[in-house]
Amino acid sequence: MKFFADTADTAEIAELAATGLLDGVTTNPSLIAKSGRDIIEVTREICGLTDGPVSAEVIALDHAGMMREAEILRKIADNVCVKVPLTMDGLKTCKALTSDGTMVNVTLCFSANQALLAAKAGASFVSPFVGRHDDNGFDGMQLISDIRLIYDNYDFQTEILVASIRHGLHVLEAAKIGADVITAPPAVIKGLVKHVLTDKGVEGFLADWAKTGQTI
Ligand code: G3P
């Protein structure tokens, strides 16, 4: 399973990249706004921090506008993945861009039928938002399960990129279902390493080791 960082904070991305656990980055207009930086400049910097795909989202709602913005975004670096919303214009844009060899992440997916359309449009990634799905009284992980089943039924190559991840349980469930990628805030990814018994174990080993008076 690939791990993407869902942030435009370059310090956080650099820290995760240094662990060797980072496979890519996703951004969206809200995350760019939060960074307070210019989209082109920050996306270029992020693309230099990872060899993996870096999703940069279009703002336009119409196909022509999306194509115009995609042209600017994909020129930033070879590893830019253009992100488009799951609308008819977004799907049309996805088809045009992927036919041309550009990576596309179709975002804001909230149903398995939408994911089916994204795959038919040749999407490199589809982003179902599990956290927001849960927030609205739906079962986010059931959505991932349904998409996995449908993609496997037809051997679609579109990767399921589980987004809007809020905690480790989302990561665990996504892995059990066989999702291809999760994108999560760096704090959630870093939190996966924590276990009270690991800390307690290290503490115990160090205490016993101190009694030996040895060094390695
Ligand atoms: O990148 C899109 C997605 O991960 C947003 O997450 O927490 O704003 O629902 P959230």
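Positions are given from 1 along the sequence. Whatever order the structure lists ligands and atoms in, that order sets their numbers, starting from 1.
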Below 4.0 angstrom from a heavy atom of F129, which ligand 1 atoms are there? Numbered from 1 as shown, please.
2 (C), 3 (C), 5 (C)

Hey, does K2 have a side-chain heavy atom less than 4.5 Å from the side chain of D180?
no

Would you check the N or O atoms of T26, main chain and side chain alike, for any that come under 3.5 Å of an N or O of ligand 1?
no

Contacting atoms of ligand 1, where contact means under 4.0 angstrom from a heavy atom of R132
5 (C), 8 (O), 9 (O), 10 (P)

So, R44 and E41, do they make that salt bridge, N to O below 4.0 Å?
no

For ligand 1, which atoms, with element, lie under 4.0 Å from some heavy atom of D6?
1 (O), 2 (C), 3 (C), 4 (O), 5 (C), 6 (O)

Heavy-atom contacts with K83 under 4.0 Å: which atoms of ligand 1 show up? List them by number with element.
1 (O)

Starting from atom 7 (O) of ligand 1, find the nearest protein heavy-atom neighbour and note its residue, name and distance.
R166 NE, 3.3 Å

Between L161, T158, T107, which is the residue that forms a side-chain contact (heavy atoms from CB on, under 4.5 Å) with F125?
L161

Quick one: do R166 and D135 make a salt bridge, cutoff under 4.0 Å?
yes

Return the option from G131, A163, S164 holding the heavy atom at the smallest distance from atom 10 (P) of ligand 1.
S164

Return yes if some donor-acceptor pair links the side-chain N/O of R148 with the main-chain N/O of G178 below 3.5 Å, else return no.
yes

Inspect the contact between K92 and D89 and indicate whether a charged nitrogen and a carboxylate oxygen are less than 4.0 angstrom apart.
no

E57 contact mode with ligand 1 (heavy-atom cut-off under 4.0 Å)
neither

